[in-house]
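Right, one structure below, let's go through it.
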Amino acid sequence: MTRTDEAESFFYAVYSAIQEIPYGKVTSYGHIAALIGTPQRPRQVGLCLKHLSTDPSLPHHNGNVPWQRVVNSKGIISPRGHPSGAANQAQVLRGEGVTVSTRNLGELIVDFAEYGWFPRQLPSDEAAGLDPHIMSDDED
DNA sequence: TCAGTGACGGGAT
DNA sequence: CATCCCGCCACTG
């Protein structure tokens with residue numbers, strides 16, 4: 001593979017963090033990036049999802065990584081060039097009770113005030129006894 | 001090799 | 001509000 005070891009661990013961290021998003025909740029690419037200690041790389045988080053495998057034999061694949069629970073900082077599902085992909089993501093989210101509304105221009109948006117999940121650190125890290133080290137958080 | 005691209009985000013204009 | 005711009009860096013052709 002083309003991936004370097006560092007990229008490999010980054011992919012692993014991203015997928016693991018996404019697996020901690022609770023059912024029926026959503027968070028942003030940027031927040032996932034911040035949670036794993038690389039706040040400057042939200043774009044790479046998106047790249048990880050783009051390349052998420054469908055192969056169930058791998059440790060991380062679209063069957064055990066809730067990719068649908070990641071949207072952009074505005075709560076909008078990334079169209080990523082092809083509307084049907086976003087539409088599909090919206091359906092999966094609705095399937096777990098998340099309200100996804102459609103705005104005039106066609107964007108599918110989720111209300112963070114109701115469904116947002118923005119912990120200051122990964123629950124797994126907290127359980128391991130690590131101190132908070134990210135943002136001071138704020139919400140609406 | 002090399003230059004473009006992009007499931008993003010925040011700050012500036 | 002809307003745009004533009006830059007940082008980021010694996011992936012692609």
Side-chain angles (χ1 to χ4, degrees):
Chain A
M1 50 174 77
T2 323
R3 254 172 274 169
T4 64
D5 289 344
E6 217 174 275
E8 183 73 26
S9 65
F10 179 77
F11 269 64
Y12 195 93
V14 168
Y15 293 145
S16 298
I18 292 177
Q19 289 181 317
E20 301 200 42
I21 306 173
Y23 179 95
K25 292 290 182 180
V26 300
T27 193
S28 67
Y29 298 93
H31 195 69
I32 291 296
L35 285 176
I36 64 177
T38 54
Q40 310 308 129
R41 302 173 61 182
R43 208 165 189 171
Q44 271 54 251
V45 172
L47 186 66
C48 290
L49 260 50
K50 179 179 182 180
H51 290 277
L52 180 59
S53 175
T54 55
D55 186 349
S57 69
L58 296 174
H60 297 294
H61 53 86
N62 63 4
N64 65 8
V65 176
W67 51 273
Q68 73 275 18
R69 297 178 198 152
V70 187
V71 298
N72 72 24
S73 65
K74 298 190 277 302
I76 296 173
I77 297 177
S78 299
R80 72 257 205 195
H82 199 56
S84 63
N88 174 55
Q89 183 171 352
Q91 282 309 92
V92 178
L93 282 175
R94 291 183 177 121
E96 43 186 82
V98 176
T99 296
V100 182
S101 34
T102 305
R103 304 205 301 191
N104 289 324
L105 308 74
E107 315 102 339
L108 299 164
I109 186 169
V110 175
D111 181 10
F112 279 154
E114 187 165 4
Y115 304 103
W117 182 76
F118 297 95
R120 297 211 255 124
Q121 65 179 340
L122 288 172
S124 58
D125 287 346
E126 191 175 346
L130 280 66
D131 293 313
H133 52 74
I134 310 295
M135 47 186 72
S136 55
D137 124 73
D138 123 274
E139 206 71 41
D140 186 25

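This structure is a prediction, so every number in the text was calculated from the model and none was measured. Here is the naming used below: chain letters follow the sequence lines, and residue numbers restart at 1 for every chain.
The separation between A/Asp5 atom CG and C/dA10 atom C1' is 14 Å, rounded to whole Å. At whole-Å resolution of the value, CG in A/Asn72 and P in B/dA7 are 11 Å apart. Protein atom NZ of A/Lys50 is 7 Å distant from nucleotide atom P of B/dG6, rounded to whole Å. Separating the CG atom of A/Leu49 from the P atom of B/dG6 is a distance of 17 Å, rounded to the nearest angstrom. We find that OH of A/Tyr15 is positioned 13 Å from P of C/dA10, with the value rounded to whole Å. Rounded to an integer number of Å, the gap from A/Trp67 CH2 to B/dC8 P is 14 Å. Rounded to an integer number of Å, the gap from A/Arg41 CZ to B/dC8 P is 15 Å. One interatomic measurement links the two molecules: CZ of A/Arg103 to C1' of C/dC1, which rounds to 11 Å at whole-angstrom precision.
Checking A/Gln44 against A/Lys74, the closest nucleotide of DNA chain B that is more toward the 5' end is the one next to A/Gln44. Position along DNA chain C of the nearest nucleotide to A/Ala7 versus A/Leu105 favours A/Leu105 as the more 5'-ward residue. If A/Pro42 and A/Phe11 are placed on DNA chain C by their nearest nucleotide, the residue sitting closer to the 5' end is A/Pro42.
A salt bridge is absent between A/Glu107 and A/Lys74: the closest approach of a Lys/Arg side-chain nitrogen to an acidic carboxylate oxygen does not fall below 4.0 angstrom.
Here the side chain of A/His51 is nearest to one of C/dC11, C/dA10, B/dC8, namely C/dC11. Here C/dC8 is the nucleotide among B/dA7, C/dC8, C/dA10 with the atom lying nearest to any side-chain atom of A/Gln40. Closest to the side chain of A/Gln89, out of B/dA7, C/dC8, C/dA10, is B/dA7.
The base of B/dG9 lies outside donor-acceptor range of the side chain of A/Arg43, with no N or O pair under 3.5 Å.
A sub-4.0 Å separation between OP1 or OP2 of B/dC8 and a side-chain N or O of A/Ser73 is absent.
Ring geometry, A/Tyr15 versus A/His60: the interplanar angle falls from 30° to 60°, so the pair is classed tilted.
A side-chain donor from one of A/Glu20 and A/Ser124 sits under 3.5 Å from a side-chain acceptor of the other.
When heavy atoms are screened at a 4.0 angstrom cut-off, A/Ser28 is found touching the sugar-phosphate backbone but no base atom.
When atom types are taken as modelled, the side chain of A/His82 and the backbone of A/Ser84 share no donor-acceptor pair closer than 3.5 angstrom. Side-chain atoms of A/Asn64 come within 3.5 Å of backbone N or O of A/Pro59 as a donor-acceptor pair.
Spacing of P atoms, B/dT5 relative to C/dC4, comes out at 16 Å, to the nearest Å.
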